[in-house]
> 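First, the structure itself, so that you have it in front of you.
Computed from a prediction, not measured in an experiment: that's the story for all the values here. Naming convention: chains lettered A, B, ... in sequence-line order (proteins, then strands); numbering from 1 in each chain.
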2 protein chains.
Amino acid sequence: MKLGTKGRYAVMAMVDLAFYSEGKPLSLTEIAERQALPISYLEQLFLKLRQKGFVMSTRGHQGGYTLAKEAASIRISEILEAIGEPIETTRCKEESELGCLGTKGQCLTHALWAGLGRQMQQYLNGISLADVCQRRLT
Amino acid sequence: MKLGTKGRYAVMAMVDLAFYSEGKPLSLTEIAERQALPISYLEQLFLKLRQKGFVMSTRGHQGGYTLAKEAASIRISEILEAIGEPIETTRCKEESELGCLGTKGQCLTHALWAGLGRQMQQYLNGISLADVCQRRLT
DNA sequence: ACGATTCCTGACTAATTTAGTCAAGTATGA
DNA sequence: TCATACTTGACTAAATTAGTCAGGAATCGT
Ligand code: FES
Ligand code: FES
């Protein structure tokens, strides 16, 4: 049960952006350097973040990325979902009514994992970029 | 952020054991069949579970595994830890005082991930095998 | 106009981790 | 003594992760 670099880097970069940008766009070069992240990797991530509407880009000289919404209204859970690092605790599909072992109802542990997932989702849902920047964490 | 089969199978098997055993040992064959799990894989897992003192084994005919403690006193978090599926949300080592980027203090997101980890740990800590068997889940 | 900067995008790959299998052995009870 | 079942380590195939790389397109300052 570990957090991969994809989700970690995306959140680190977004926090950096929220923290150091003052309206002006920040280049990936700058962010990558400050956070010690591979820049080519960040490019992939910001592509998705832009497509999902979390950041805006300006090209060319003095260009870079800007938050497309207020930092207080971007939840960590949204970032993770946007770049494709979902929380998968249960093994069965939500839609299909067959449990993870293929037969009839849910397995004995389904409720346990579902509860864990709900817990995590709730936590990450309740925290915004602004919260992280201001260290307003429980 | 997904749960692997190692942890999942271990918990499924332990729940099965707690649920269907009535003092008598259950063979891995039986458990594996009922839960649709690969038996050779379970062998590895139960090796560790025995070494850590969660189950007892009886060999030979009519042998199998039995819980070594009461189901109510085995927490899910303990099972996951025993078979080596720890919760790793932060990237930095707990001991060393250097953050995940190598320099000075902790990174901007450390508190966030630590909080997530604490949350998960707390949830899995508060649930015992008995709770799962009796579907006493929030 | 030019050239530096920066985003944009897809394709590709190396390394790691996961999810197992396999084989040989030991202990036990019927 | 034979079938059952645990014991243990070594090995491997597949999937995932964590990136790299290359080429392109837009923009701005000079
Ligand atoms: S995890 Fe949903 S049925 Fe097993
Ligand atoms: S995760 Fe602990 S310092 Fe970054």
> Using atom CD1 of B:I39 as one end and atom C1' of C:dA19 as the other, report the distance to the nearest whole Å.
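In whole Å, C:dA19 C1' lies 16 Å from B:I39 CD1.
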> Taking atom CD as the centre, does A:Q134 end up with more than 12 heavy-atom neighbours from other residues, nucleotides or ligands that are less than 6.0 angstrom away?
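Atom CD in A:Q134 is crowded, with more than 12 foreign heavy atoms closer than 6.0 Å.
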> Quick one: the side chain of B:Q51 and the base of D:dT8, do they pair up donor-acceptor inside 3.5 Å?
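Flag unset: no donor-acceptor pair detected.
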> To the nearest Å, how far apart are B:L47 CG and C:dT26 P?
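It is 16 Å, rounded to the nearest whole Å.
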> What's the closest nucleotide to the B:H61 side chain, out of C:dT21, D:dT4, D:dC28?
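My answer, after comparing the listed nucleotides, is D:dT4.
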> May I have the distance from B:I83 (atom CD1) to C:dG20 (atom C1'), rounded to whole angstrom?
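Atom-to-atom, B:I83 to C:dG20, this comes out as 14 Å.
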> Is it true that the NZ or CZ of B:R50 lies under 6.0 Å from the centre of B:Y65's six-membered ring and within 45 degrees of the ring axis?
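The answer is no; the distance or angle limit is not met.
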> Both A:Q62 and A:K6 contact DNA chain D. Which one's nearest nucleotide lies toward the 5' end?
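Counting from the 5' end, the first nearest nucleotide belongs to A:K6.
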> Could you give the CD-to-C1' distance, from B:E30 to D:dC6, as a whole number of Å?
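Nearest whole value for this atom pair: 15 Å.
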> Which sits closer to the 5' end of DNA chain D, B:G63 or A:L3, going by the nucleotide each is nearest to?
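Residue closer to the 5' terminus by nearest nucleotide: B:G63.
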> Indicate whether OP1 or OP2 belonging to D:dT7 is found under 4.0 Å from a side-chain N or O atom of B:S57.
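Yes, such a contact exists.
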> In Å, rounded to the nearest 0.5 Å, how long is the span from OG1 of A:T90 to CZ of B:R8?
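Going from the OG1 atom of A:T90 to the CZ atom of B:R8 covers 7.0 Å.
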> Which part of the nucleic acid, if any, lies within reach of B:F46 when heavy atoms closer than 4.0 Å are counted: base, sugar-phosphate only, or nothing?
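Touches nothing.
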> Starting the side chain at C-beta, find the nucleotide from C:dA19, C:dC8, D:dC6 nearest to B:Y65.
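Selected nucleotide: D:dC6.
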> I'd like to know whether CD of A:E30 has more than 12 heavy-atom contacts from other residues, nucleotides or ligands below 6.0 angstrom.
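Enclosed.
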> In terms of side-chain heavy atoms of B:R59, which of D:dT7, C:dG20, D:dA18 is nearest?
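Looking only at side-chain atoms, B:R59 lies closest to D:dT7.
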> Looking only at the side chain of B:Y41 (C-beta and beyond, no hydrogens), which of the listed nucleotides C:dC7, D:dA10, C:dA19 gets closest?
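Of the options given, the side chain of B:Y41 lies nearest C:dA19.
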> Starting at CG of B:L26 and ending at C1' of D:dT4, how long is that distance when rounded to a whole Å?
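Atom-to-atom, B:L26 to D:dT4, this comes out as 15 Å.
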> What does A:S40 touch in the nucleic acid at a heavy-atom separation under 4.0 angstrom: a base, only the sugar-phosphate, or nothing?
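Answer is base: heavy atoms of A:S40 come under 4.0 Å of a base.
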> Nearest to the side chain of B:E43, heavy atoms from C-beta on, is which of C:dT18, C:dA23, C:dT21?
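Nearest to the side-chain atoms of B:E43, counting from C-beta on, is C:dA23.
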> Could you tell me whether B:E33 atom CD has more than 12 heavy atoms of other residues or ligands within 6.0 Å of it?
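No, because the 6.0 Å sphere around CD of B:E33 holds 12 heavy atoms or fewer from other groups.
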> Measure CD1/A:I31 against P/C:dT6 and give the value in whole Å, please.
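One finds 12 Å between P of C:dT6 and CD1 of A:I31, rounded.
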> Any chance CD of B:E70 has more than 12 other-residue heavy atoms, nucleotides or ligands included, within less than 6.0 Å?
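No - once you tally the heavy atoms of other residues, nucleotides and ligands closer than 6.0 Å, there are 12 at most.
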> What's the CD-C1' distance between B:Q44 and C:dT21, to the nearest Å?
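B:Q44 atom CD is separated from C:dT21 atom C1' by 9 Å.
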> Taking OP1 and OP2 of C:dC8, is either one under 4.0 Å from a side-chain nitrogen or oxygen of A:R50?
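For A:R50, the contact criterion (side-chain N or O under 4.0 Å from OP1 or OP2 of C:dC8) is met.
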> Rounded to whole Å, please give me the gap between CD in B:E88 and P in C:dT17.
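Going from B:E88 (CD) to C:dT17 (P), I get 10 Å.
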> Nearest heavy atom decides the nucleotide; on that basis, is A:R91 or B:T58 closer to the 5' end of DNA chain C?
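Its nearest nucleotide being more 5', the pick is A:R91.
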